[in-house]
Amino acid sequence: MRTIFENAIRSPWKSASNAIAVSLAVFAVYVASQGIFDTIIVYGTTVLLAVAYSFFSPADPASRFAAVTKFSHPCLGLLFIWLIWRWMGIMLEQEEFFVSISDFDFAMAWVAFGVLGYLTWRQFGLPMVTVYAAAIAYALIPSDLGGAGLDWSSIADRQWFTTDGVFGRPVQVVTTVVLVFVVFGAVMQNSGAGAILLKLAFSATSRIAGGPAHAAIIASAMFGTMSGAAIANVVSTGVFTIPIIKKAGFSPRFAGAVEATASTGGQIMPPVMGVVAFIMADVTAIPYLLIVVAAFLPAVFYYFSLFTVVLIEARKQGIGALPVDRRQSVTADDWIKSLAFWVPLAIIVLVLATGRTAQNAGFFALASSFAINLVLFPDFRKPSRWWSSLVSAGRTAASLMIVVASVGIVIGLINMTGIGLAFADAIRATSGQSLFFALLLVMLGCLIMGMGVPSVTAYLLLALVMGPVLENLGISKISAHMFMLYFGVLSVVTPPVALAAFAAAPIANAGPMETAAVGVRLAFTGFVIPFFFVYRPEILIIDGFEPLNLAWAVICLAIGSWGATTGLARFEVRRLSLAASGMRLLAALAVLTPEVWSSIAGGLVIAAAFAIEAFRSKRGEPLPRKTH
C-alpha cells in the first residue's frame, strides 16, 4: 500500500485514472453480486466511469497532440460527467411522471454522441468509427438522397433518453455479465496462475516437434476462453510465447501468427468462449449448456488444425522436439497451483448447470479464484497485487464499455431506420437462389463489421444485422449464430484490419501484413467450419443430429483440413511441387462440399497423394525444385 501512496504523490493524474479504473472494476463486482438494483443508476454509472477513465488517463507524451489532450481531455471528461448526471435526473423523473425534454437537452445528447465517437476513434481506430459515423449519417440524410431522413431530435430522444441506444442491449449485457469476467481474468493474470499454465503447456508439448509453438496454442486457448478480447490475450501471453517460438527456429512472422490465431480461437473455445457463450444464450434463448455442447467439436477442430499446421511447419523447417536439458518438469506443487484455473472453471459450469445466471457464475468464479490464489500464491497476498489486478480490469472494462456504447447507437439506428431488413433483402436479391453465394456475402459482411471490435461487441452487432438474414435463408438459429460468431471472431486475423496479428507483429519483430497473411493460412479451417454449420449442422451435435452423419462430417472436415493444410504449406513428409499442392487444395475443396460423391472423390485423391509422397520419400527420390 505504501507504494501506491508514493505513486499517487508522484503522478496525481495517473493515480486519479487508476482510482477510476478500480472504481469501475469494484462496481462491476458489486453489480454481479447484488444484481441490478436500478437500471438507470447502474448503466449510467458504468458508462460514466468508463468515459471518465478514458479522459483522465495521462496523455501519451510521444503523441503530437499530447499538450492539447492534456488540457482538453479532463475538460471533456467533466463535460460528459455532467451530461450523464443530467441524463440520470431526466430518466429518474420519467419514472415518476411525464417529462418534456427540451431542444437544449437534445443538443446535449448530440454532444454525448460526439464524445463517444471521438473515444471510439481514439481507442479502436478508423474501421469502427466509420461504421458509427455511417449509421448516423444514413439516419440524418434525407430520404430523397437515399438516407432515412430522421429528425435530429427524434434520434437524440431515442438513442440517448431511452434504454435503446447508448444504454441499450450491448451496455446492459456487458455491464451485468461481461465485466465481472474481465475482473476474473485480470485476477488470473496477476496472481501467478498464468505462469503455471504456461509451464504445464510447455511441459506437455516439449516432446513434440515444434513444441514451443504447440505450447503457445494451449496457453492462449486457456487464457483466450476467459478473456473477451483476442488482442489483450496476444499482448499478455505473446510477450512470453512469441520469443520462445522464435528461439525454437520458427520465423518471426510465423511466431506472431501462431500467437494471434491461437488467442483468437479462445473466443470460440468452451466453456466460456470469451464470455460470448453467455451473450449468445441471452440473445437466442438457447440454454447455455447447449451452446457449449454445440461449440465443442468445432473448437476442437480449429485447434487441431493449428496443431497440424505447426507440426507440418516444424517438419518443413527441420525443427525437432526440445532437447532434454531444456524441457520443463512439472512438480506436484505445480499441479496443485493449477487448481487456481481449474476450480473456478468448474464452478462456472456447475453454477450455470443449476440454473443460476451468468453473472452469478462470474461472481462465484471470481470469489473462488481470489480465495484460491491467496492460498496458493504468496505474492498475491500483497495489496499492491490486488490493486494492479483491479486497475488492469478497470482499464479493459473502460475500453469495452466505450465501444459497446457506440455499438448501442448503431444498433438503435438500425432498428429506427429498418436498414437491417433492407440489407437482408439486398442479399437475397443479389444471391438469387444460391445459398452458398448468400453465405459468402454474409461472411464478407461479418468480416467487415467485426473489424477492430472485441468479439462480444462484434457478435452483438452481427446478431442484429446478420441474424435475420441467415434465419430467413432457412438456417436454424444455432447454426446462424455460430456462423456469425466465427466470422466475427476471425475478423481480427483477417487483413486489412487484422488487429490480433498487428498486435503480435511488433512483439515478433515482423511485418504486420505478412503476419496477418500467415495467420489466415493458419486459421484456414476456421473459415471452413462455419459453412459446416449450415450444410452439415450435425457437427453442432444438438441440432437433430444422427451419429452416422456426425461421423461423416468429422471425417470430411479432418481429411479436407489435412489436404488444405499440406497444400497451403507445400509440405507433407517432404516438400511438394506447385502442381501437387494445387491438386491437394482442389481435392480439399471437393471433400468439404456437401455432395457425398464429391467428398468421396476428393478424399480418395488426398489419400492417394499422401501414399505417393510417402512412397517417394521412402525411395529417396529427389525433392521437387524449389520455386519462388
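Values below: all heavy atoms of this structure, side chains included; hydrogens, waters and symmetry mates excluded. Given the structure is predicted, the values throughout are model-derived calculations rather than measurements.
Using bins of under 30°, 30° to 60° and over 60° for the plane-to-plane angle, the ring pair F27/Y30 lands in the parallel bin.
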Could you go through the ring pair (Phe, Tyr, Trp, His ring centres under 6.0 Å) check for Y486 and Y302 one step at a time? CA-CA 11 Å; Y486 263 65; Y302 179 85; 7.2 Å; no
Take V173 and D282 through the side-chain contact (heavy atoms from CB on, under 4.5 Å) test and state the conclusion after the steps. CA-CA 8 Å; V173 172; D282 184 84; 4.0 Å; yes
Quick one, S72 with C75, criterion side-chain contact (heavy atoms from CB on, under 4.5 Å). Give me CA distance, side-chain angles, the key distance, then yes/no. CA-CA 5 Å; S72 62; C75 293; 5.6 Å; no
Would Y118 and F55 count as a side-chain contact (heavy atoms from CB on, under 4.5 Å) here? Give the steps. CA-CA 11 Å; Y118 170 73; F55 279 130; 3.8 Å; yes
Give the intermediate values and the outcome of side chain to side chain donor-acceptor pair (under 3.5 Å) for residues S15 and N18. CA-CA 5 Å; S15 300; N18 287 347; 5.6 Å; no
Report the C-alpha separation of M484 and L470 in whole Å, then their side-chain angles, then the decisive distance to 0.1 Å, and conclude whether the side-chain contact (heavy atoms from CB on, under 4.5 Å) test is met. CA-CA 9 Å; M484 293 181 293; L470 290 173; 3.6 Å; yes
Show your reasoning for whether side chain to side chain donor-acceptor pair (under 3.5 Å) applies to S491 and T494. CA-CA 5 Å; S491 65; T494 306; over 6 Å; no
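In this structure, a donor-acceptor pair under 3.5 Å is present between the side chains of S479 and S476. Side chain to side chain, Q172 and T176 fail the donor-acceptor criterion of an N or O pair below 3.5 Å.
A463 and H481 make their closest contact through CB-CE1, 4.0 Å (heavy atoms, listed as atom of the first residue, atom of the second, distance). For the residue pair Q359 and V31, the shortest heavy atom distance occurs at NE2-O, 3.4 Å. Considering all non-hydrogen atoms of both residues, P298 and L540 come closest at CG-CD2, 4.3 Å. Nearest approach of A510 to T515, heavy atoms of both residues: CB-OG1, 3.5 Å. Annotation for V518 and R253: closest pair CG2-CD, 3.8 Å, computed over non-hydrogen atoms. Minimum interatomic distance between V166 and W160 (heavy atoms only, all atoms of both residues): CG2-CE3, 3.8 Å.
Environment of CH2 in W85: sparse, with no more than 12 heavy atoms of neighbouring residues, nucleotides or ligands closer than 6.0 Å.
The shortest distance between side-chain heavy atoms of C446 and M466 falls below 4.5 Å. Annotation: side chain of I155 is not in contact with side chain of D151 (no heavy-atom distance under 4.5 Å). Residues L116 and V51 have side chains in contact (heavy-atom distance under 4.5 Å, counting atoms from C-beta outward). Counting only heavy atoms from C-beta outward, the side chains of W110 and I136 approach each other to under 4.5 Å. Within the 4.5 Å cutoff, the side chain of T46 has no heavy atoms near those of the L49 side chain. In this structure the side chain of L24 never reaches within 4.5 angstrom of the side chain of R395, judged on heavy atoms. No side-chain heavy atom of L150 sits less than 4.5 Å from a side-chain heavy atom of R158. Contact check for L306 versus T525: no side-chain heavy atoms found under the 4.5 Å cut-off.
One distance of note links CE of M91 with CD1 of I84; it measures 10.5 Å at 0.5 Å rounding. Remark: S100 OG to E93 CD distance equals 11.0 Å, nearest 0.5 Å. Interatomic distance, CE of M108 versus OG of S102, reported as 9.5 Å (0.5 Å rounding). For the atom pair CZ of F167 and CD of Q159, the computed distance is 11.5 Å after rounding to the nearest 0.5 Å. To the nearest 0.5 Å, atoms CD1 (I539) and CZ (R536) are separated by 9.0 Å. Expressed to the nearest 0.5 Å, how far CG of L290 lies from CD1 of I478 amounts to 8.0 Å.
With E514 contributing its side chain and G511 its backbone, the two residues share a donor-acceptor pair below 3.5 Å. No donor-acceptor pair closer than 3.5 Å links the side chain of S399 to the backbone N or O of T396. Using a distance-only test at 3.5 Å, with no hydrogens or angles considered, a donor-acceptor pair links the side chain of Y535 to the main chain of F436.
With sequence neighbours excluded, the residues forming a ring pair (Phe, Tyr, Trp, His ring centres under 6.0 Å) with F483 are F487, F531, listed by chain and number.
Figure legend: R521 and F524 shown without cation-pi pairing, the cationic atom not lying both under 6.0 angstrom from the six-membered ring centre and within 45 degrees of its axis.
Within the structure, the side chain to side chain donor-acceptor pair (under 3.5 Å) test picks out the following pairs touching residues 400-414 (sequence neighbours left out): T120-S406.
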